[in-house]
Student: 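Below is a structure I'd like to ask you about.
What you see below is based on every heavy atom in this structure, not just the backbone, and it leaves out hydrogens, waters and symmetry mates. Please read these numbers as outputs of a predicted model, since none were measured by experiment. For reference, positions follow the sequence shown, starting with 1. Counting starts at 1 for both ligands and their atoms, in listed order.
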Amino acid sequence: MFAVGLTGGIGSGKSTVADLFAARGVPIVDTDVIAHRITGPQGQAMPAIAAKLGVQFVAPDGSLDRAAMRAQVFSDETARKRLEAITHPLIRAEAAREQQTAQGPYVLVVVPLLVESGNWHTWVDRVLVVDCNEETQIIRVQRRNGFTRDQVKAIITRQASRAERLNAADDVLLNEDATAATLALRVETLHQHYLLLAGGPSAD
Ligand code: ADP
């Protein structure tokens with residue numbers, strides 16, 4: 001099925017935009033949801049995490065101890081790489097499975113780190129970037145998560161830059177000073193475009 005990869009920096013509005021596509025009957029594959037599931041109790045990634053990173057990262061209920069892992073990968077690049085070597089192929093396989101069983105005109109695959117993590121773009125037919133400026137990201141995430149300005153900035157610094165993301169985009173959805181109605185209109189325009197494209201040849 002024709003697949004659109006949706007990405008953007010933290011707070012750019014990915015979830016908001018994905019909801020607007022979902023409201024138009026587009027099935028959503030969300031790699032964050034998959035990542036959470038495979039690291040939940042009895043999650044597919046958990047045996048390898050326990051074996052390769054250590055049982056200290058496994059919470060009593062068998063899920064990933066997220067706080068312990070976050071603290072570790074923050075300062076330990078090798079641990080981060082090891083974790084990703086376990087989770088990324090599983091996330092990719094699960095996303096592919098969901099993509100194949102999805103019912104709809106085309107599928108929207110939400111991949112927050114699409115630009116950062118290797119060859120995701122080869123698994124989707126088109127990349128849609130939700131874009132806004134950094135100040136807007138900071139204000140939104142401070143409001144949404146109760147983070148400090150510096151905490152949000154630290155996350156933004158670890159992500160791809162705005163320019164890198166825009167460089168990877170086939171389509172850009174500007175989500176700056178956009179009212180709900182304006183955003184819905186922008187999504188509708190893209191949706192009509194994707195319906196047309198989905199009628200043509202696909203990467204499958
Ligand atoms: P992401 O999934 O990219 O992290 P979200 O969709 O969760 O971003 O949006 C971040 C926050 O900003 C949310 O609280 C959301 O409600 C808010 N938000 C998103 N777009 C807008 C907008 N155009 N105007 C005002 N608030 C917005």
Side-chain angles (χ1 to χ4, degrees), residues 3-40 66-67 69-70 73-74 80 84 87-88 91-92 94-95 98-99 102 106-117 120-121 123-124 126-194:
V4 177
L6 177 78
T7 194
I10 185 168
S12 59
K14 295 179 294 297
S15 308
T16 308
V17 167
D19 287 348
L20 290 168
F21 277 99
R24 285 160 178 76
V26 179
I28 311 292
V29 173
D30 188 329
T31 56
D32 262 356
V33 172
I34 295 172
H36 216 265
R37 191 169 63 230
I38 65 167
T39 54
R66 289 171 211 286
M69 186 53 83
R70 214 176 295 124
V73 300
F74 195 78
R80 189 179 63 76
E84 287 177 357
T87 55
H88 283 184
I91 293 169
R92 172 62 206 137
E94 274 294 289
E98 288 187 15
Q99 238 169 285
Y106 62 93
V107 62
L108 191 77
V109 189
V110 185
V111 190
L113 299 182
L114 184 143
V115 175
E116 290 84 343
S117 48
W120 261 103
H121 62 278
W123 290 311
V124 291
R126 223 166 158 86
V127 173
L128 169 60
V129 168
V130 184
D131 179 57
C132 68
N133 71 49
E134 191 176 306
E135 192 52 36
T136 303
Q137 287 180 276
I138 295 170
I139 291 166
R140 284 186 190 151
V141 178
Q142 277 188 279
R143 201 174 294 153
R144 184 187 65 188
N145 299 64
F147 291 173
T148 65
R149 189 178 176 82
D150 283 349
Q151 281 174 316
V152 187
K153 277 190 131 176
I155 296 169
I156 291 173
T157 306
R158 289 202 299 276
Q159 296 188 339
S161 69
R162 190 177 183 188
E164 283 168 331
R165 227 178 266 114
L166 291 176
N167 200 35
D170 294 301
D171 306 299
V172 177
L173 201 172
L174 184 65
N175 183 22
E176 192 85 67
D177 297 328
T179 63
T182 305
L183 200 58
L185 199 63
R186 287 180 186 157
V187 168
E188 180 60 28
T189 303
L190 284 163
H191 176 57
Q192 291 303 328
H193 186 44
Y194 295 149

Student: Give me the residue, atom name and distance of the protein heavy atom closest to atom 2 (O) of ligand 1.
Tutor: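 I find the closest protein heavy atom is Ser15 OG, 2.8 Å.
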Student: Could you say whether the N/O atoms of Ile10 and ligand 1 ever approach to under 3.5 Å?
Tutor: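 N/O-N/O distance under 3.5 Å: no.
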Student: Just which atoms of ligand 1 are under 4.0 Å from any heavy atom in Gly9?
Tutor: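 Answer, ordered by atom number: 3 (O).
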Student: Of all the atoms in ligand 1, which lie at a distance below 4.0 Å from a heavy atom belonging to Thr16?
Tutor: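 Near Thr16, meaning under 4.0 Å from one of its heavy atoms, ligand 1 has 5 (P), 6 (O), 9 (O), 15 (C), 19 (C).
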Student: Please state which protein non-hydrogen atom is closest to atom 10 (C) of ligand 1 and give its distance, to 0.1 Å?
Tutor: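 Checking every protein heavy atom, the shortest distance to atom 10 (C) of ligand 1 gives Arg144 NH1, 3.7 Å.
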Student: Using the ring of each side chain (for Trp, its six-membered ring), is His191 parallel, tilted or perpendicular to Tyr106, with breaks at 30° and 60°?
Tutor: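 Rings of His191 and Tyr106: tilted, 30 to 60°.
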Student: Should the pair Arg80-Glu116 be classified as a salt bridge under the 4.0 Å nitrogen-to-oxygen rule?
Tutor: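 The answer is no: the pair does not qualify as a salt bridge.
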Student: Taking the basic N atoms (NZ, or NE/NH1/NH2) and the acidic carboxylate oxygens, is any pair closer than 4.0 Å for Arg165 and Asp131?
Tutor: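 Here Arg165 does not pair with Asp131 in a salt bridge, since their nearest N and O are not under 4.0 Å apart.
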Student: Using a strict cut-off of 4.0 Å, indicate which atoms of ligand 1 neighbour a heavy atom of Gly13.
Tutor: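 Heavy-atom distances to Gly13 below 4.0 Å select 1 (P), 3 (O), 5 (P), 6 (O), 8 (O), 9 (O).
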Student: Scan the protein's non-hydrogen atoms and note whether one is under 4.0 Å from atom 25 (C) of ligand 1.
Tutor: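 It does not: no protein heavy atom is found less than 4.0 Å away from atom 25 (C) of ligand 1.
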Student: Could you tell me the residue and atom name of the protein heavy atom closest to atom 12 (O) of ligand 1, and the distance to it rounded to 0.1 Å?
Tutor: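 For atom 12 (O) of ligand 1, the nearest protein heavy atom is Arg140 CD, 3.0 Å.
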Student: Taking only non-hydrogen atoms of Gly8, do any sit less than 4.0 angstrom from ligand 1?
Tutor: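 The answer is no: ligand 1 sits nowhere under 4.0 Å from a heavy atom of Gly8.
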Student: Report the nearest protein non-hydrogen atom to atom 20 (N) of ligand 1: residue, atom name, distance rounded to 0.1 Å.
Tutor: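 Nearest protein contact, heavy atoms only, for atom 20 (N) of ligand 1 is Asn175 ND2, 3.0 Å.
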Student: Would you give the length of the straight line joining atom OG1 of Thr182 to atom CG of Asp177, rounded to the nearest 0.5 angstrom?
Tutor: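 Between Thr182 OG1 and Asp177 CG, I get 10.0 Å after rounding to 0.5 Å.
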